[in-house]
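All remarks here apply to the structure that follows.
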Amino acid sequence: EVVDMKLTKIAVGIIAISLVFMAAGPAMAVELKLGHYAPESHPAHQAALMMAKGVEERTKGEVTIKIYPANQLGDGNEVLEQQMNGVVDLSLPTQPMLDKYGKKGNKPFAVVMLPFVYKDTQHAWRVLDGPFAEWIAPKFDALDLVHLANWEWGFRNLTNNKRPVFSPADVKGLKIRTPGEIQLQKTMEAAGAQVQAINFKELPMALKQGVVDGQENPLSVIYHYKLYEVQPHLALTYHVYNSMMAVASKKTWSKLSADQQAILKEEAQKAGQWFRDNQLAANDDLIQKLKDAGMQVTTPDRAAFKAQMQYAYDAIGEYAGKDNVAKFLKMVEETP
């Protein structure tokens with residue numbers, strides 16, 4: 001009889017626990033919205049697809065990511081704004097898209113784009129993944145964003161339709177388009193160019209019509225957007241580096257379980273490293289493709305350009321904060 005009572009209590013307990021789990025129901029499926037600005041042919045989009053696939057598989061379909069490439073939700077700045085307003089869950093901003101949210105004189109994201117500071121691509125990765133990531137973490141938090149991983153965009157190079165570039169003397173007087181970022185404008189001005197800020201959408205037409213003589217962008221952009229059709233000269237200046245970063249809104253992040261958060265971060269990092277490795281491996285191939293497309297490619301003396309950059313460093317220091325610039329240059333110098 002005592003045994004029967006114990007068994008009855010155990011059975012009641014099992015039923016009660018089962019009812020609790022039944023009430024809780026199955027785990028809710030979450031679809032995350034990711035907007036970015038790269039074309040579907042760009043490795044950035046392939047990395048986004050890779051991340052989405054990894055997350056869906058590892059969460060057994062509980063978390064899926066719907067991707068909107070090629071400015072479908074607006075340009076990078078507009079998507080970032082939507083993300084901060086809780087409309088977009090994930091985005092791929094660059095450091096200059098984020099530096100706009102700091103006050104003048106205290107914009108630490110801006111220092112990443114100091115000209116001619118990195119030895120090479122891997123050195124840039126080590127700086128950004130290491131001391132810079134630790135230093136900048138509170139700034140993401142203040143923007144209600146969660147930094148998942150550093151991706152790639154790459155070093156920028158100079159193209160023009162006037163002459164081959166071997167030294168700053170060859171840049172002097174060229175009308176060069178840059179985006180609105182002060183770092184790029186001041187770098188080109190320091191090299192002797194006349195700078196004009198033009199929206200990227202209008203750039204191909206501006207080049208065709210001779211509004212500007214040239215522009216500067218990563219090799220992948222020069223190739224995928226077919227800028228070689230109107231720019232016969234490419235100079236491998238590797239003057240400024242910056243990268244995309246995979247970020248989640250804090251609001252979205254808080255909806256995910258700890259396991260889901262870990263999976264999202266791991267898959268973002270895995271996809272980001274694939275993107276980096278892909279871009280680095282593709283560099284030589286892209287240069288060859290651009291040569292095959294008719295571009296004359298030169299490898300200028302970077303030391304000669306760096307020697308002229310104090311004007312740019314001073315201007316960027318005013319914008320980003322002199323202390324921030326000094327701290328960052330120390331990080332760069334101390335990172336092997």
Side-chain angles (χ1 to χ4, degrees), residues 43-44 47-48 50-51 54 76 80 90-102 106-156 181 183-184 187 218 220 238-248 250 253 261-283 302 306 309 312-313 316-317 319-336:
M50 182 184 293
M51 177 174 73
L80 187 57
L90 303 166
S91 74
L92 302 172
T94 56
Q95 292 88 6
M97 288 176 192
L98 289 167
D99 78 36
K100 293 178 176 67
Y101 292 93
N106 188 21
K107 295 175 177 280
F109 282 107
V111 299
V112 170
M113 293 175 64
L114 283 163
F116 299 100
V117 292
Y118 307 103
K119 296 172 194 168
D120 54 30
T121 302
Q122 289 100 328
H123 183 231
W125 296 348
R126 290 193 296 273
V127 172
L128 298 190
D129 291 352
F132 181 76
E134 192 177 331
W135 179 58
I136 208 73
K139 301 297 178 186
F140 281 105
D141 198 48
L143 294 171
D144 287 329
L145 296 172
V146 177
H147 180 216
L148 302 175
N150 289 323
W151 283 24
E152 189 60 298
W153 197 237
F155 276 103
R156 302 177 78 90
E181 285 82 22
Q183 302 96 313
L184 298 171
T187 296
S220 58
Y238 299 106
H239 51 273
V240 166
Y241 176 88
N242 73 312
S243 63
M244 284 178 156
M245 295 167 291
V247 300
K250 210 185 282 183
W253 187 251
Q261 289 174 349
I263 288 168
L264 180 59
K265 197 162 195 172
E266 286 165 15
E267 292 303 317
Q269 290 173 349
K270 195 185 296 181
Q273 195 56 50
W274 173 86
F275 181 11
R276 285 172 157 184
D277 294 339
N278 175 281
Q279 286 289 87
L280 194 57
N283 255 11
R302 293 179 78 246
K306 187 173 183 177
M309 288 298 126
Y313 284 13
I316 296 165
Y319 177 73
K322 290 178 182 176
D323 286 349
N324 289 329
V325 167
K327 281 176 190 169
F328 187 70
L329 288 174
K330 192 167 186 285
M331 287 179 212
V332 171
E333 192 181 325
E334 291 176 355
T335 302

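Below, all heavy atoms of this structure are taken into account, side chains as well, without hydrogens, waters or symmetry copies. Just so we're clear, the structure is a prediction, and the values are computed from it rather than from any experiment.
The minimum heavy-atom distance linking A246 with L92 is given by the pair CA-CD2, 3.8 Å. The minimum heavy-atom distance linking F116 with R302 is given by the pair CD2-NH2, 3.6 Å. Counting all heavy atoms, side chain and backbone alike, L90 lies closest to A248 at CD2-CB, 3.6 Å. R276 approaches W125 most closely through the heavy-atom pair CB-CZ2, 3.2 Å. Taking each heavy atom of A47 and W274 in turn, the nearest pair found is N-CZ3, 3.8 Å. The two atoms that bring L114 and Y313 nearest to each other are CD2-CD1, 4.1 Å, heavy atoms only.
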Handout entry: Check against side-chain contact (heavy atoms from CB on, under 4.5 Å), H123 and V332
Key = CA-CA 8 Å; H123 183 231; V332 171; 3.6 Å; yes
Practice task
Take E152 and Y241 through the side-chain contact (heavy atoms from CB on, under 4.5 Å) test and state the conclusion after the steps.
Solution key: CA-CA 9 Å; E152 189 60 298; Y241 176 88; 2.4 Å; yes
Practice task
Show your reasoning for whether side-chain contact (heavy atoms from CB on, under 4.5 Å) applies to L280 and Q122.
Solution key: CA-CA 9 Å; L280 194 57; Q122 289 100 328; 3.5 Å; yes
Exercise for the section: Determine, step by step, whether V117 and V127 satisfy the side-chain contact (heavy atoms from CB on, under 4.5 Å) criterion, reporting the C-alpha distance in whole Å, the side-chain angles of both residues, the deciding distance to 0.1 Å, and the verdict. Expected result: CA-CA 11 Å; V117 292; V127 172; over 6 Å; no
Problem - Verdict with reasoning, D99 to Q183, per side-chain hydrogen bond (donor to acceptor under 3.5 Å, both in side chains) - result: CA-CA 11 Å; D99 78 36; Q183 302 96 313; 3.3 Å; yes
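Counted within 6.0 Å of NZ on K139, heavy atoms from surrounding residues, nucleotides or ligands total 12 or fewer; the atom is thus considered open. Heavy-atom contacts from other residues, nucleotides or ligands closer than 6.0 Å to NZ of K119 number more than 12.
Atom CE of M50 is separated from atom CD of E267 by 9.5 Å, given to the nearest 0.5 angstrom. For the atom pair CG (L148) and CD (Q261), the distance works out to 10.0 Å, reported to the nearest 0.5 Å. In this structure, CG on N242 lies 6.5 Å from CZ on R156, to the nearest 0.5 angstrom. Residue M97 holds its CE atom at 4.0 Å from OG1 of T94, rounded to the nearest 0.5 Å. For the atom pair CG (N150) and CE (M245), the distance works out to 7.0 Å, reported to the nearest 0.5 Å. Note: M113 CE to I316 CD1 = 8.0 Å, rounded to the nearest 0.5 Å.
Contact check for L145 versus Y101: no side-chain heavy atoms found under the 4.5 Å cut-off. Side-chain contact check for F132 versus T335: every heavy-atom pair is 4.5 Å or farther apart. The side-chain heavy atoms of F328 and I136, taken from C-beta on, include no pair separated by under 4.5 Å. You'll find the side chain of H239 stays beyond 4.5 Å of the side chain of F155, heavy atoms only. Residues Q279 and W153 form no side-chain contact, since every pair of their non-hydrogen atoms from C-beta on lies 4.5 Å or further apart. Using a 4.5 Å heavy-atom cutoff, the side chains of K265 and Q269 are in contact. Proximity of K100 to E181: side-chain heavy atoms (C-beta onward) are separated by under 4.5 Å at one or more points.
Of the residues listed (D120, N283, T121), the one engaging Y238 in a side chain to side chain contact (heavy atoms under 4.5 Å, CB included) is N283, and it is the only one.
The pair E333-K330 does not count as a salt bridge, with every side-chain nitrogen at least 4.0 angstrom from each carboxylate oxygen.
Here F275 pairs with H42 under the ring-ring contact (aromatic ring centres under 6.0 Å, His included) rule; sequence neighbours left out. With sequence neighbours excluded, the residues satisfying ring-ring contact (aromatic ring centres under 6.0 Å, His included) with F140 are F109, H147.
Although no hydrogens or angles enter the test, the distance criterion places no donor-acceptor pair under 3.5 Å between the side chain of K322 and the main chain of G317. Using modelled atom types, one side-chain atom of W151 and one backbone atom of A268 make a donor-acceptor pair closer than 3.5 Å.
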